[in-house]
2 protein chains.
Amino acid sequence: MSTADRLVTAAAELLDSGGESAVTLRAVGAAVGMSHNAPYKHFHNREDLLAAVATVDFNAVAATWAQLRASQREPLERLLGALEVMITFSVEHPARYRLLFNNPSIAAQGGPLTHAAHRALDEFALVVETCQAEGVLPNTPSSTLAVIIFATLHGLLDADASGRLRPRTGWNSVLTGMRAFIELLG
Amino acid sequence: MSTADRLVTAAAELLDSGGESAVTLRAVGAAVGMSHNAPYKHFHNREDLLAAVATVDFNAVAATWAQLRASQREPLERLLGALEVMITFSVEHPARYRLLFNNPSIAAQGGPLTHAAHRALDEFALVVETCQAEGVLPNTPSSTLAVIIFATLHGLLDADASGRLRPRTGWNSVLTGMRAFIELLG
DNA sequence: ACCTGAACACCGTTCAAGT
DNA sequence: ACCTGAACACCGTTCAAGT
């Protein structure tokens, strides 16, 4: 495992355990047994390191979705499965989820991160397309429908993270809301 | 205008001009001609000051929506108008928008902020209800439908802020996407 | 009650120096 | 090429002191 990879892993673990503010270069350096200056030999700055974490996570999510697409489950089950992957990730790694979808300054970096984000959303769009081909979802342009569905998912996750979802809807999970939403579409 | 109000106004202006990182207590203090320590006499800490900005903004949005509801426009136009209010706010005050809907640690503070957020979302739900009564929107429980619509709006705004909306959909604005979405519902 | 200025324990980042 | 340690210019927050 390269030093760069170990730094990214350490940053991801710090995000999980203490949130974004816990990811100081000093803490990252200490986690890999180096000085607080070591990250600068592998990343341009702190944001660049965080972007590397996001890139890894986008690729991991995309890979999970690709696996799901290759499975033999029913189209609608595949879509709900894809949503569940994202929901689970946001629950288990809230700070890293925010890095993926709530951080304009990091998204603006472009480069490999943008590429990974595109790849992930393309994979999601393919799952949506399968549902459309089977008549489970309306026949609007698949790229825009995928964006709408994903936007709704993200919006519900954010509302949930802010504690504004449960008291208002009574839903026991974001997935319950997404089921209701997909039913509205179909 | 009380010192507390001036501090909140200064913080809001700093958010607009330089984003959240520009809101240092030293900058806020200087903006009102006081020391960097003055805010502590009116707010518990930096987060508390930011929460006060969010509270003011939630109330302003709620007031605009209330005005819209009292107008004599068509139900669907009122809904689109309500969406446009939020879109405009997010474009003109991106950092303050993120404070309202993208900041779990601030939302978790509870108190007047949570109250203002509820008031705003209640107002939005009433606009949705009117559309349902007129048969423009499906007849699901209005509180959950309002949450779904708002979640989709927020998701599209976030995708737009991350630069991931236009290249994928070609929509010239988030409102275009919301029109497509509402058409899907109706 | 409200405000100031010094002080403290942090940060990210830069730079000279080492291997 | 990779890494270290000192240094710099910041932060939020605390505290003693003033009015």
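Each chain gets a letter, A, B and so on, in the order the sequences are listed, and its residues count up from 1. The shown structure was predicted, so the numbers you read here are calculated from the model rather than taken from an experiment.
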Legend entry - Assigned partner base of C:dC10, Watson-Crick or wobble definition, under 3.5 Å: none
Inset, instruction - With a 3.5 angstrom cut-off on both distances, give the Watson-Crick or G-U wobble partner of D:dT4, or none if there isn't one. - result: C:dA16
Tell me: [atom1] of [X] to [atom2] of [N], nearest whole Å?
X: A:Phe43; N: D:dC3; atom1: CZ; atom2: C1'; answer: 15 Å
X: A:Leu14; N: C:dG12; atom1: CG; atom2: P; answer: 11 Å
X: A:Met34; N: D:dG5; atom1: CE; atom2: C1'; answer: 15 Å
X: A:Arg26; N: C:dT13; atom1: CZ; atom2: P; answer: 11 Å
X: B:Glu47; N: D:dC11; atom1: CD; atom2: C1'; answer: 15 Å
X: B:Arg6; N: C:dC2; atom1: CZ; atom2: P; answer: 14 Å

Distance check: side-chain N/O of [X] vs OP1/OP2 of [N], anything under 4.0 Å?
X: A:Tyr40; N: C:dT13; result: yes
X: A:His42; N: D:dA1; result: no
X: A:Thr3; N: D:dC3; result: yes

Inset, instruction - Please determine if B:Arg168 and A:Asp122 form a salt bridge, counting it only when a charged side-chain N lies under 4.0 Å from a carboxylate O. - result: yes
Inset, instruction - Have a look at A:Val32 and say if it touches a base, only the backbone sugar-phosphate, or nothing, with a 4.0 Å heavy-atom cut-off. - result: nothing
Inset, instruction - Please work out if B:Val28 contacts a base, only the sugar-phosphate, or nothing of the nucleic acid, heavy-atom cut-off 4.0 Å. - result: nothing
Legend entry - Sub-6.0 Å ring centroid separation between A:His93 and A:Phe89: yes
Inset, instruction - Please round to the nearest 0.5 Å and tell me the distance separating atom CZ of A:Phe58 and atom CG of A:Leu100. - result: 4.5 Å
Inset, instruction - Could you tell me whether the side chain of B:Glu92 reaches within less than 4.5 Å of the side chain of B:Asp16, counting heavy atoms only? - result: no
Inset, instruction - Answer yes or no: is there a side-chain heavy-atom contact under 4.5 Å between B:Glu20 and B:Asn103? - result: yes
Legend entry - Candidates C:dC3, C:dT13, D:dG12 - which lies nearest the side chain of A:Leu25: C:dT13
Inset, instruction - Would you state whether a donor and an acceptor, one from the side chain of B:Asn37 and one from the base of D:dT14, lie under 3.5 Å apart? - result: yes
Inset, instruction - Map A:Lys41 and A:His36 onto DNA chain D by nearest heavy atom, then report which one ends up closer to the 5' terminus. - result: A:Lys41
